[in-house]
Amino acid sequence: MKQLLTIITANLKGGKGQVASLLGFALISALLLNIGLLLMVGFGNFFDERSEALNAPHLTIIELEHLYADSQMQYFNDYPGVTDAEKESALMIYAKTSYGDGKMSAFLILLNEKTQRAMNDLTILEGAKPVAANEICLPFLFKAGGYELGSIFEFTVGNKDFSYRVSGFTEEIMWGSINNTIFQLYLSSAGFAALQEDMPEAAAMTIRVRLDNPDKSEALRINSVKELFFATSAEGYDYGHYFALDYNGVKMIRTMMSNITAIILVVFAALLISISLLVIRFRIRNSIEESMHNIGALKAVGYTGKQLLWAHVLQFSIIALVGIVLGIGLSYALLPVVSGVLEQQTALQWQQGFDLGLSALAFISILLAVAVVTWLSARRIQKLQPLTALRQGLSTHNFKRNHFSLDSSRGALTWLLAVKSALHAKGQMVMIALIVTMVSFAAAAGVAVYDNLGVNSGHFARILSGEMPDAAATARTPEEAQVVYRVLEQDAKVRKVFYKEDVSVMIGDLSVVSILAEDYRQFEGEMLYEGQYPRHANEIAIGGSLARYYNLEIGDSVKAVRGSSSSEYLITGFIQLVNNGGITCALTIEGYRQLQSDYKPSSVFIYLVNSEETAALLADLEKTHGKSLESTLNIKELADAQLSMYGSIFFAVAVVLVAATALVIVLVLFLMMKTVILRQRRSLGIQKALGFTSFQLMNQLALYFFPVIVLGITLGGILGALSFNPIFVALTQNMGIMSASMPAPIGPTIATCVGLAVLAYVVAMLIALRIRKISAYALVTE
Amino acid sequence: MHAHIIETNKLCKTFSSGGLQQHVLRNLDLEIVDKEFTVIMGASGAGKSTLLYALSGMDTPTLGQIKFNGTEISTKSSDELARFRRRNCGFVFQQIFLCDNMSLLDNVMASGLLISKNRKQLAAKAYGLFEQVGLSNQDYKKFPAQLSGGEAQRGAVVRALINDPAILFADEPTGSLNSASGKMVLDLLTEASQNGQTIVMVTHDITSALRGSRVIYLKDGVICGECALGTYEGEDEGRKAKLRSFLTEMGW
């Protein structure tokens, strides 16, 4: 063992740069893998732990007071598996407020701070409970929306403006995520009473239910909504009159971004580990060739092949071990930063402690992989005979063919010499191409994600929302809606206006969100992905998830129910919407009247000639017809506000991917060039003696790697651009988005690839600067 | 009488290591005459190779001047010296020093293409030189490791001559060769010299030194003496005796 340590120490001392690079690879791999695993497993566990600590409900319902009946509580108390149920008076209002840099329309559930509740009672994360009538506590998420303690929180309902001072931020499990645009806020007793008096129509009831097993929550939601709202009252079908959330659904939404980030990090860590293993293999093969004399001498004095093999395995394992320990340590230091970025979407203050199990998994998997690859790569040492090794028994060059003979090949001398050298190291070049292709693929995918979600989010927003008009307006009554419709129709700024509303119907056991419109030909989005929209009263288009749930095809018939009315519809097409998990459909207004004969729409979608004038148009409309309007929405502004949050998260992911790619290229170049300079030291010295300048030789070395790096970047870029989208489509189809696409932006992808190539060349030149230290004189006098 | 191609003035070279200084060349004044075959001799450690590499711009002196055709070269930067070497110097080393990842022809072409852009003309010249040194088409397409020492060194002579250098430096060119191969290389150098090529050769082999027209003897970094042998015209006892007598006088 002592002898082994002597050899290992000598090897480690002799290759400090190599040690540093491999250490870097191990460190980054362990860092990403540990964060990825903690996010993937730890974040979900954390959500469960916090929910349990807060005794959070597994089902929560908010409904306008007139829908509530005591029989509902009886229903829950009798439901199998329910362990607790409670109700609380609340206020529910649809209001316009500020969030981030834009405006947001959302449902606000306002509770009285003084009320005692058994489930998810008011828990202050920062600040204090509201005391004065003008104080309010907001969900923690609002911190990401720019609010601070003492900030003024304003919201507008119709023509009424309300203003409160933020006294604290709460920990909210069910109604605290941006994805639902329904938030639970707390007012002081005085503030609650004042608002109740001001807005009697907002009176609501919230019900919270806990189960013996949270996995039953989705079934409870589906069953209770059907039983409580659809079976008893037709009003239950009206959007905005009630909302129900189940625990698993909330968990899925709130951990979605952390899961996506975790998958990206784990995949990238796996990529880096693969690269490290390839580099280790390359290093060992070279190290054997370089130290052939030493191996021969050591064998000659009595070291066994096994001892020398283990010296290699231990040498690389020690480097990996140190890197992994540092990486895991650093990952815990970086977790608060990752958590901070994710907080915008998860709205959870994640404080992850040390997780021995997950970190041990990261530690063992990387270390084991390094040890196995080292052992496999160094096995040839065992077979080497001492005499063969002493005589430099391995040839480093292939003499079969002289590529690009200088007497007949065209091209600059530096280029030709670089290509000749490169062709003598085909294995090495294939390895570099493979590594660079892999990381460039990741970078191209990162650019595609960021471009589609962060920069040009319109296309993706249309997929999420189904249809993206410039604005929407809801009148107080259908009659007033007709007036607003006519006014807009005659406005020169308006390009198009049509009635569009969402209602709920039952199809089978499921509550289905149905879009209603008179003429779907006016739709501009990409909601329909197969077949056609309904044109006649007996036609329907259904969501992809709904179709899969009931195994329905175009041409089949479905029965839709609303209260006591029902009607059969012929399926003409499939639509994609993320609303209601894809459990959606589209009917014509005439078709819907078969379920509700007196139905008249109250909402319109507005498209402008110039989208920039949306805010001005809505301001004019509210000025002239404010009394007729219940709400107006600047859809573009709203979408931008919501997508900006995703944009910043995906920007961070894209930056990490591109930066990690650049880092990998730099590390690979460093390792390779160092080895090549060492191997070609003699040749470089001869060329210097013959009159090659340092710059010529630097260029020659940089160009030696450049074609293969450009090839790798090009291949990775093309593969990333072409194959990431199909992968993404396959993933999103499972989420009910049947024809989503994440096309790679050509310009930014090319720019990233060119940037990486330029970086590679510059870095190669910088690393090659060490050639200046090689003296022709030193070579000949060695 | 030809002009001086190289002149040194109080040339000094000192190596420092671990606080110890070793003065290898001391205030050395020397002229290398154009078209002449100059041989530098001396015992091991006398400074022969150090002088050769200082004269050729492979190394820079610690003090003193080196003028090449009247131009000071000792103050040039490393890249300027590289350009100077490619235009003016040819080298034949004891260790041969061919790039082992290139064929012999490519080794020659790589050197030639630093000066000439006319690939065809250069290749034709290389083929001619290979023929002159007795290397066939089959030989020069081989990699150095596939050649014998003598073949490789003859290839190195072609590389040294491909750019028609103003001066050819040879550092123990026969040191690693057997006598037959050594003789072939010496014949090549002699032939080049007879064709007007200026040559500076370091050797401690009397047979090799006999090929020179002027022999300089170096001892402890100082020129102790020189002997004019005249143009080499074949093995000649008188020439041999003259050199032996000179070397005996120098303490050889």
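This is a predicted model, so every value here is computed, not measured. In the text below, chain A, chain B and the rest are named by the order of the sequence lines, each starting its count at 1.
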Over 12 foreign heavy atoms within 6.0 Å of NZ, K67(B): no
Taking every non-hydrogen atom, the tightest pair across R85(B) and A689(A): NE-O, 3.0 Å
Chain B contact via L413(A) - side chain, backbone, both or neither, heavy atoms under 4.5 Å: side chain
Partner chain A: residue of R159(B), K141(B), K120(B), K117(B) with the largest heavy-atom pair count (under 4.5 Å): R159(B)
Backbone N/O of L406(A) and side chain of D106(B): donor-acceptor pair under 3.5 Å: yes
CZ/F695(A): more than 12 non-hydrogen atoms of other groups inside 6.0 Å: no
R682(A) side chain to L98(B) backbone, donor-acceptor under 3.5 Å: yes
Spacing of CG belonging to L690(A) relative to CG belonging to N107(B), to within rounding of 0.5 Å: 8.0 Å
Engaged part of S78(B) at the chain A interface, taking heavy atoms whose separation is under 4.5 Å: side chain
Closest non-hydrogen atom pair, D407(A) against A123(B): CB-CB, 3.7 Å
OG-CE distance between S405(A) and M102(B), expressed to the nearest 0.5 angstrom: 11.5 Å
4.5 Å side-chain heavy-atom contact, T693(A) and R83(B): yes
Heavy-atom proximity to chain A below 4.5 Å, by part of L105(B): side chain
Segment of T50(B) engaging chain A (4.5 angstrom heavy-atom cut-off): both
Under 3.5 Å donor-acceptor, R119(B) side chain and R410(A) backbone: no
Partner chain A: residue of A82(B), G112(B), S103(B) with the largest heavy-atom pair count (under 4.5 Å): A82(B)
Distance (rounded to the nearest 0.5 Å) between R86(B) CZ and Q696(A) CD: 4.5 Å
E80(B), CD: over 12 other non-hydrogen atoms inside 6.0 angstrom: yes
Segment of Y127(B) engaging chain A (4.5 angstrom heavy-atom cut-off): side chain
Max heavy-atom pair count under 4.5 Å with chain A, selected residue of N163(B), D79(B), L81(B): D79(B)
